[in-house]
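Written below as structure tokens is the structure these notes are about.
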Amino acid sequence: YLVEEVDFRCGVHDIFTADHLTTELCIKEIESCQRISDGPTFIALLGNQYGHRSIPRLIPETEFELLVSKLPKDSESLKLLNQWFSKDSNSVPPTYILQPITALRTAAQQAEREGDISVDEKHKFFKSVLEYEMEHGFLKTQKDASAVLFFRELPRLSKRDCKKNFAKFLLDVTADGLLDTEARELLADLKQRIYNSGRLQPLCMELSKGAMDPSRKEHKGYLGKLCEQVTSQMKALISRNALQTSGTCSTVDPGWSWLKQEIFHHAVLSEEKCSVFKGRDSILGKICIAMWESTNACHEPLLVHGPSGVGKTALLCKLAQEMRGVVDHRGVVVLRLLGTSPLSSDVDSVLRGVCLQVCGALGLQFPYPHIANAHEELVRFFHSMLEDVSKQGDTLLLILDSLDQLLEANKPHKLDWIPKVIPPNVQLVLSISDDYVEKCKSLVSAEQNVFRVELLTDGQGKDVIGAYMSAAGRKLTSEQVDTILNRFQQSRSPLHMKLMLDTAKQWSSFTATSNVRLGVSAQEVMTQFVESLEENHGKKLVSHALCFILLSRSGLSEAELQDVLSLDNDVLAEMYKYWLPPSHTLLRFPRLHWSRLRHDLTAHLTERWEGAFTFLRQFAELVRKRYLSRDMKTDMHAILAEYFLGQWSQGQLRPILLPSLSALLNADRKVPPQPLWFTGEVANMRKLHELPYHLAHAGKWVELRQSVLGSLDWLCCKTLRCGVSCVIQDLSLCTDLTDCPEIRMLKETFLLLKPSLDFNPSLLVTEIFARLQGLADLYPSMIGQLCSQCVGWFGSCTDPVLVPKCSFFQAPGGPLKSTLTGFMKGDPKELKLLVAGSEDGLIIAWNLNHLQTLHTLSGHTGRFLTMKKPRLIFSLPSFPVQVKAWHLDTAEPLYELTAGVCSVLGVVGDAHFSFIGRFLCVCVQVWSHSIESVVDLPSPALFLRTSDDEKLLFAGALTRVWSVTTGALLDWIGVMDSAVSSLAVHQRTIISASVIANQLKVWQLDYNTKHRSKSFIPAYYPLVALSKDGDTVFYVKEGNKTQVFTWSCSEGLRSDSMDVSSDVCCMELAQQKRLLFCGLRTGTILIYPLDFAPETLCLPPPESLPMVRSMAISPGEDRMAVAYEDSVCLFEITSRDSFPCVDGPFERYTLCLLHSPISAMALLSDCRLLYGTFGGEVVTYDFKSATAAELDHHGAAITCITMSNWDAQALIGSQDCVQKLWNLSPVLLNHTMEYKGFYFEGVLCAVFSINDKYVFTGSLDKTIKVWDVCSGCLLYVQFVYSPVIKMMPHKDGFVAVSQHGSFIKEGFRCPDTLKPGYNPLRIFRAQYRVTSREKSLNAPHTVINELPDYNPAQFNFIGIGLMKSKPSNTCVLL
């Protein structure tokens, strides 16, 4: 909770001013506190002074004339009343405007004695401001009990004591210095009323010479007791209200609180607009007819436009009001006045709120969290929701006013999120100013769906005057009405009329029209208004206060504005120009001055969120032009930045030079601190939103890099509480204002990790560290600082965690720039488009300039082939293949043909290309079954691309860049998720797609090669061997298995290659003896001594030439088992004259013909063989005793058998998501680990940690899992974008390579004791179960004990690449 103090008396030279508004403003502030505060609203220490007694500023006509009748007709008092009181006939009912004249009190006493008025009516002429405050803050709120009140009582005073000078500090005195007995009686009566309430805290204080002397023991005790009781009661009230609030929220979905506030905000504004709405019957009727005529068919949105200030907002508010009375109980009217609140100022917030409101009202499925946090998914849900409303037979009217507000705030998104076709029973009404109407032509093309709002007529203007003044409880004289209408006729603008009426409602009936100034346009009226503000409140205060509000990102609360003004030395210097501040150690901007200014500004302020204000659009433009010079803008942003940084909080003294002083005054401004987190769960949202914005615009780049962008705590907090998109928005703002490589790198980092963090923001630290670690030395100031903080975070993490030791995710600055996801609808207007199709029947078009979705076409279920305007061509998955072509602009089918091949790869001109295996077939006759030519490719082609003139043809499966002139390989681009199946090129930009992923990757050829990560190796190899230190990788390419390549991970280069005589089927590496074993399809085994290159050893195949299925090397590297099709042979690894050699086979184990082929095996040091088959069988065979024993079967193929480092245990994994941990001496099943859920797939590889406490597994689901060997429990799951296919233990963790080229090195940190309730699957929709045996020394058999399942939160992560949605098959460029 934040405590805001509102004290009108603090820092004010004279609280009572000539306009007599002080009492009224005090009461309004009390009511505002009661409305906003969740805790105490009123704190008072009632002493022995009754205070100033002001006379009411306004008195009703009947009451005033009654008081006048009680005075003698020729008396001096009556003359004073007639001089100072004037009747205002414009007020309804008429009132007299008063000055504080004592004669009124005499008349009131006489009227009360004669029974003409009541005691209460008489008493208001005697009340002090203090009693008004007590009544509104305490006596009228006894049921709420939200006030804290204390009495200060003095001992009985003698006449001698009353005459002392210090009495005037404690008692009411008259102008001649005597005690005011009347005030004392009134104070005694007020205290008695408070006594009767039963809520009293009396405190007693003895007098001294200085009135209050803290050095005196009794006074010190008095102050201590007072502070203690105030603090305790404040805490009690806050705690009580917190419990009440939490109790209320517990019965309501927390997600609805902000939505209810948002709906209420727009409802209140709409009601205000409708209260003075007059006329416009014609255009309202036309809109209603258009909606009625299109109810039962698909149609376009309706567009309302007109010049700024013409009344579009009021018109749509009236439309919403009228339609709510027309639609039935199954109908919903949703209104959003865009730009009037933070949640209506950006596209995602608007869509999120609208979707939740409609789904809640009509009983539809709410969007999942990952949908609500991702723009593309949110837009897609919005479109489908409109379809669901229509299919359900419900009625929905969605009104979005002032679309131009979103265009200014969300430039990248434009209007592409708005559907072009609206389903039946759904109406979408939009409004926009004439300046932006051209941008909506793609949405609304039919003239009958476009409505222009015209200016008002004279008659309508007169009606508006009557309605407006009636709503304000006022009226105007005929002369005043004529004056307003005369000015109105020169513009006929509703805004001009409103501004004039805002001024006119302050007129009294005796205000002469010759003395008023009314501009002939809205701009001129606002200019005159600002000039009057400067005259009444001071130019410095007005200009700075207005600029602070304008420059804030989402408005300022009154407390924030008062704090910011307290930091503004220029404003305070003007405030204390002629007198000194009340304290030389504490300096604050007086609240009363802002309240007076706000009272005059009311008509031009709009409440954006509770207690916070911003300006109406037209007034904001005036403020910007009038005050905001470049230098002033920078200074204002600097003060706001210092405030949200908390630079001058917690006693930090800010110097100021006041005109009344000759030296600097260092004073505490008493502004609140700005922590990042208020509590462990409550973040400082205002700081998160405002601070980066003001630091960037103030040019404070050092502070921005240190406190915001270079702070891991900041990035984590903002990502968790605001989303990745907000962080990217801040970074984009910075890159627009400065050319900083590190900020640009950080922005690219968040663009790369956004798809993953949209699902699970808690992975931010791992994502940042695994991407930026390799750039820390190049950019030490900010990226290096972030990496150091990541190291600290991992070191202090209290949960199990994998710590990256190298950059194994795509780093910024490299070729990969972004990932395109989701589906949206729109209208293609640009010539340069990216078009992608997927198997779920959608074709999506992106604008390559902004990477924004423009268009969605549906109607196919196959492979999208090509687009050459205006054709779209794709094939259907059948045999023979069907090929369809559609027109891009009209979506009409052009032709449908059949091709007698397995699949069609692409279309060039009038020829189509297909492939069968590695053979590319070219058919030059239009859709003929004959094949003119066949080209043998090194591997099956997955994509086809031609040059723009269609003279060159490119086909393949990997992304490589070749020089056309020299034929040299210039670059290769690694992808992290899946093999490339299609490619599109736009200038220096490449867009790749995959058949097994629902994302498109955007790559840039123009990148700094020094940012290229060395931890990526060529991808898509079927076989791999990894050195123990992870420095060297041996691999075989897909499509060319007759070469073994060597890759140096430290250098990031291919260092060597070795030719083999046949396809390599398996590889193993003896780590200590540095021998690489390659098993061939012909049964031969080639052995490469890495220390004696280029020497090669050879084990000839058996007579039957069986294929080598698998190989296993014993832990001591003295034996090797080789599995053939029909047997397993045991060889001995020795050395002769320091040169390695392999002898044997010494033993042979003939396999049973009924068993499936061996898929994985391991050789123990005692010559026992443990192997698994494709059928799921698991067998142990002892070469010494020639005995075999079968272990528990798996339900699917065995994919991995891994032994612990001490030969004590083995992990067996299979494709069915079941893995078993066995004890090897004796052979006992320790744990059966099963997991199931969202896209969990079987283990591919595993490795034990060096101390055998943990086992790491790599799975097809693109995750690395960490298991506890002792308990079998799952400890940690990490998503790594690609399946890990090979792992080796390394220090405190492992090294690994993924299927698509990532070299991964990580350490594992695990506390000795896990926190209660720790769940490693909390971010996954999955469960796992561990079944363990009871370990007993006396029990040789196995007893199964089933542990309970985990029940993780139903929140879906694993990244878009893991979703089993329909993949994108191909993409082409127009």
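Salt-bridge annotation for D1031 and K1305: absent, with no side-chain N of the basic residue lying under 4.0 Å from a carboxylate O of the acidic one. A salt bridge does not link R1309 with D1292: every distance from a Lys NZ or Arg NE/NH1/NH2 to an Asp or Glu carboxylate oxygen is 4.0 Å or more. Ion pairing between a basic and an acidic side chain is recognised when a charged N comes within 4.0 Å of a carboxylate O; D799 and K1315 show such pairing. Taking a cutoff of 4.0 Å between a charged side-chain nitrogen and a carboxylate oxygen, R744 and E748 do not qualify as a salt bridge. One finds a salt bridge joining R721 and E681 here, because a Lys/Arg side-chain nitrogen approaches an Asp/Glu carboxylate oxygen to under 4.0 Å.
In this structure, CG on L753 lies 10.0 Å from CG on L763, to the nearest 0.5 angstrom. Atom CG of L715 and atom CG of L731 lie 7.5 Å apart (nearest 0.5 Å). One distance of note links CD of E690 with CG of L645; it measures 12.5 Å at 0.5 Å rounding. Note: L1244 CG to I1285 CD1 = 8.0 Å, rounded to the nearest 0.5 Å. The distance from the CG atom of L1026 to the NZ atom of K1028 is 12.0 Å, given to the nearest 0.5 Å. Between atom SG of residue C740 and atom CG of residue L709 there is a gap of 8.5 Å, rounded to the nearest 0.5 Å.
There is no side-chain donor-acceptor pair under 3.5 Å between W1047 and T1032. If you check the side chains of Q647 and Q674, you find no donor sitting under 3.5 Å from an acceptor. For the 3.5 Å distance criterion, the side chains of T749 and K747 fail to qualify, holding no donor opposite an acceptor. A side-chain N or O of E742 and one of S781 form a donor-acceptor pair less than 3.5 Å apart. The closest side-chain donor-acceptor pair between D631 and T634, if any, does not fall under 3.5 angstrom.
Using a 4.5 Å heavy-atom threshold, the side chains of F750 and I768 count as touching. Within the 4.5 Å cutoff, side-chain heavy atoms of Q1071 are placed close to those of M1288. For the pair V1024/F1034, no side-chain contact is recorded, criterion being any heavy-atom separation below 4.5 Å from C-beta on. Using a 4.5 Å heavy-atom cutoff, the side chains of W714 and L691 are in contact. The shortest side-chain heavy-atom distance between D730 and C726 does not fall under the 4.5 Å cut-off. Between P800 and V1266, every side-chain heavy-atom pair lies at or beyond the 4.5 Å cut-off. The shortest distance between side-chain heavy atoms of L746 and M782 falls below 4.5 Å. Under the 4.5 Å side-chain criterion, counting only non-hydrogen atoms from C-beta, S711 is not in contact with Q785.
The neighbour count for D736 CG, taken as heavy atoms of other residues, nucleotides or ligands under 6.0 Å away, is above 12.
Closest non-hydrogen pair, F808 versus F1303, comes out as CB-O, 3.1 Å. Nearest heavy atoms, A683 versus L688: CB-CD1, 4.1 Å. Nearest heavy-atom pair across P1320 and L1275 is CB-O, 3.6 Å. Scanning both residues, W701 and A696, for their nearest heavy atoms gives CZ2-O, 3.7 Å. Closest non-hydrogen pair, P804 versus F794, comes out as CD-CZ, 3.6 Å. Taking all atoms of both residues into account, the shortest heavy-atom contact from P1289 to I1250 is CB-CG1, 4.1 Å.
Using cut-offs of 30° and 60° on the angle between ring planes, the pair H694 and F644 is parallel. Using cut-offs of 30° and 60° for the angle between ring planes, the F1308 and Y1254 rings count as perpendicular. The aromatic rings of F1256 and F1294 sit tilted relative to each other, their planes meeting at an angle between 30° and 60°.
With ring centers used as reference points, Y693 lies under 6.0 Å from H697. Aromatic rings from Y1281 and F809 are positioned such that their centres are separated by under 6.0 Å.
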Legend entry - Worked check of side chain to side chain contact (heavy atoms under 4.5 Å, CB included) between I783 and M745: CA-CA 9 Å; I783 292 180; M745 292 290 176; 3.7 Å; yes
Inset, instruction - Apply the test side chain to side chain contact (heavy atoms under 4.5 Å, CB included) to residues I639 and F548: give CA-CA distance (whole Å), side-chain angles for both, the deciding distance (0.1 Å), then the verdict. - result: CA-CA 9 Å; I639 295 175; F548 283 135; 4.0 Å; yes
Inset, instruction - Check the pair M636, D568 against side chain to side chain contact (heavy atoms under 4.5 Å, CB included), reporting the backbone distance first and the verdict last. - result: CA-CA 9 Å; M636 298 291 100; D568 192 332; 4.1 Å; yes
Legend entry - From CA spacing to verdict: salt bridge (Lys or Arg N to Asp or Glu O under 4.0 Å), R669, E642: CA-CA 12 Å; R669 308 302 173 90; E642 291 173 0; over 6 Å; no
Legend entry - Residues C717, W677; criterion side chain to side chain contact (heavy atoms under 4.5 Å, CB included); working and verdict: CA-CA 8 Å; C717 181; W677 294 91; 3.5 Å; yes
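In this structure, the side chain of S349 does not engage the main chain of D346 through any donor-acceptor pair within 3.5 Å. A donor-acceptor pair under 3.5 Å is formed between the side chain of D1252 and the backbone N or O of N1205. With R771 contributing its side chain and Q810 its backbone, the two residues share a donor-acceptor pair below 3.5 Å. Looking at N684, its side chain does come within 3.5 Å of a backbone N or O of P675 through a donor-acceptor pair. One N or O on the side chain of T735 and one on the backbone of S732 form a donor-acceptor pair closer than 3.5 Å. The closest donor-acceptor contact from the side chain of S807 to the backbone of Q773 lies under 3.5 Å. Checked by atom type and distance alone, the side chain of R654 never pairs as donor or acceptor with a backbone atom of N666 at under 3.5 Å.
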